[in-house]
Number of protein chains: 2
Amino acid sequence: MKIQDICTDCTVRDEALCGTLSEDELWALNTIGRRQRIARGDTVIWAGDTSVICANLLSGVLKLVAATPDGREQIVGLLYPADFVGQAHAGLADFTITALTDAELCIFPRAAFQRVLEDHGRMERLLLQRTLTALTAARHRMLSLARKSAEERIADFLLEMALRAANTGCRATPDGPLTFDLPLTRGQIGDVLGLTIETVSRQMTRLKAAGVIGLPGGRAVTISDRAALAVCAHAA
Amino acid sequence: MKIQDICTDCTVRDEALCGTLSEDELWALNTIGRRQRIARGDTVIWAGDTSVICANLLSGVLKLVAATPDGREQIVGLLYPADFVGQAHAGLADFTITALTDAELCIFPRAAFQRVLEDHGRMERLLLQRTLTALTAARHRMLSLARKSAEERIADFLLEMALRAANTGCRATPDGPLTFDLPLTRGQIGDVLGLTIETVSRQMTRLKAAGVIGLPGGRAVTISDRAALAVCAHAA
DNA sequence: CGCAGGCTTGACATAAGTCAACATGCGTGG
DNA sequence: CCACGCATGTTGACTTATGTCAAGCCTGCG
């Protein structure tokens, strides 16, 4: 496979870890990577498995799930295009990773990937940077899960999703109403926020009734009054 | 200052990041590090500050605190001896770091520390490793905070502290009763577990009444029946 | 058309929070 | 050495946010 076939047309080329590599360096990864499509609902990694994938997410959204032995679940992370999937170094997988939408991965054999990582300090540094970002995000979410009300969590979540939607093309007036589709069902939002589907539903209706957001139907949300939503996010 | 003065007698020499360095390499860090004592209650880093410390923790316990604007607090991490404190790379501090006990730091100017880090890939890799471990721990705690009952969280916490106590000298029969002192007040345990001080207190008394643990007084705890405690941790 | 998955809404249960009183234990200074 | 005072911890009565259970409603798809 030629480099053009794999990397040049890569949709996440600039944002992914490989973005740090020059054309030449890219060859190293290119020769070992292969693309793979996965369907919505497919599990990429099972918690506890030893053989762990090493990949970049090209498209779609994945969830990282922690679960108790008796089946309670918590989504502890979401992976979006250009995010790194799996573990660079060997070991048991800590969490189950499942596709929330159809998705596409660029998979690398771990040994080879590790070697590239070691040869390119810049790339390793970027991986560290990302891990630190994820750690900070996880810790902020700990605060939400432990101390914030359902309304605050929902408002936080909607603002975060709105930000992501705004960054992903979908241009709109900066402060004006913004409409976008959530990539998650109500149940999955509950799994992210540590709430039940009923509580999510009720709070969304409340926000709608308060005129802060609109729910045009389907998975769409309209942020009618971002300032008001921000207020909800910090004192509910 | 000679290397003997700073590193040879270092109590965390083997476990800290510097443990990866040879005697020679150590010089690089040694010449730039300085020890500093801090008192219980002192804050080392304020969330939002720009000038951020870069240090190894030599002794004592620090807490990493996330807070809402209206004052609700959550401890999102604890730092023990040999742990790295602060941020290797510049930027605003994400969380406030405060000493829970008197403590001692080995502080490095960031620029110099970063240089050492870049020159020693092994050390950087170790930092990545630690960050990943912290990320996994944070995510497991997200599950606890979001989905576990107060009793489960307390049991989890006690088992974790017991493990730490066992590893920190304090030898005892592997499965027999183990007694140790918690480095945290009830209130701080609440801050870690996302509970109130009253709930912590009540659950501890319940576990004691159930004969699973003993509370000899002060901050001491005795794990009388580790198996039973583990059961509490997974189904309450 | 009719089913299935997702969503909404309601009535009710409950774990944990809040408020308040009291106990304990530790350190300081008389 | 004792006594006082403050920080910490315990316990109780009551409140409340959120979970649970249950019924019914959309909406898109076969």
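Numbers restart at 1 for each chain; the letters A, B, ... are given by sequence-line order, proteins then strands. Values below: every heavy atom of this structure, side chains too, minus hydrogens, waters and symmetry copies. The structure displayed is predicted, hence computed values, not measured ones.
Note: B/Leu79 CG to B/Leu57 CG = 6.5 Å, rounded to the nearest 0.5 Å. Residue B/Leu127 holds its CG atom at 8.0 Å from CZ of B/Arg130, rounded to the nearest 0.5 Å. Of the inter-residue distances, the one linking A/Ser144 atom OG with A/Phe157 atom CZ reads 12.0 Å to the nearest 0.5 angstrom.
Rounded to 10°, the angle separating the first-five-pair axis and the last-five-pair axis of the helix from C/dC1-D/dG30 to C/dG30-D/dC1 equals 30°.
Side chains of A/Thr136 and A/Thr133: no donor on one and acceptor on the other come within 3.5 Å.
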- Message: Could you walk me through whether B/Arg35 and B/Leu105 satisfy the side chain to side chain contact (heavy atoms under 4.5 Å, CB included) test, starting with their C-alpha distance in whole Å, then the side-chain angles of each, then the deciding distance to 0.1 Å, before giving a yes or no?
- Response: CA-CA 6 Å; B/Arg35 292 195 184 179; B/Leu105 291 174; over 6 Å; no
- Message: Run B/Arg72 and B/Asp70 through salt bridge (charged side-chain N to carboxylate O under 4.0 Å, His left out) and show every step you take.
- Response: CA-CA 6 Å; B/Arg72 284 169 284 173; B/Asp70 64 329; 3.2 Å; yes
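Taking A/Arg147 as the reference, B/Asp191 meet the salt bridge (charged side-chain N to carboxylate O under 4.0 Å, His left out) condition, with sequence neighbours excluded.
Here C/dA16 presents its C1' atom at 14 Å from CG of B/Leu145, a figure rounded to the nearest Å.
For the pair B/Ile97 and B/Lys63, the minimum side-chain heavy-atom distance is 4.5 Å or more.
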- With sugar-phosphate taken as primed atoms, P, OP1 and OP2 and all else as base, the protein-contact string of nucleotides 3-19 of chain D at under 4.0 Å (heavy atoms; B, S, -) is -----SSBBBB----SS
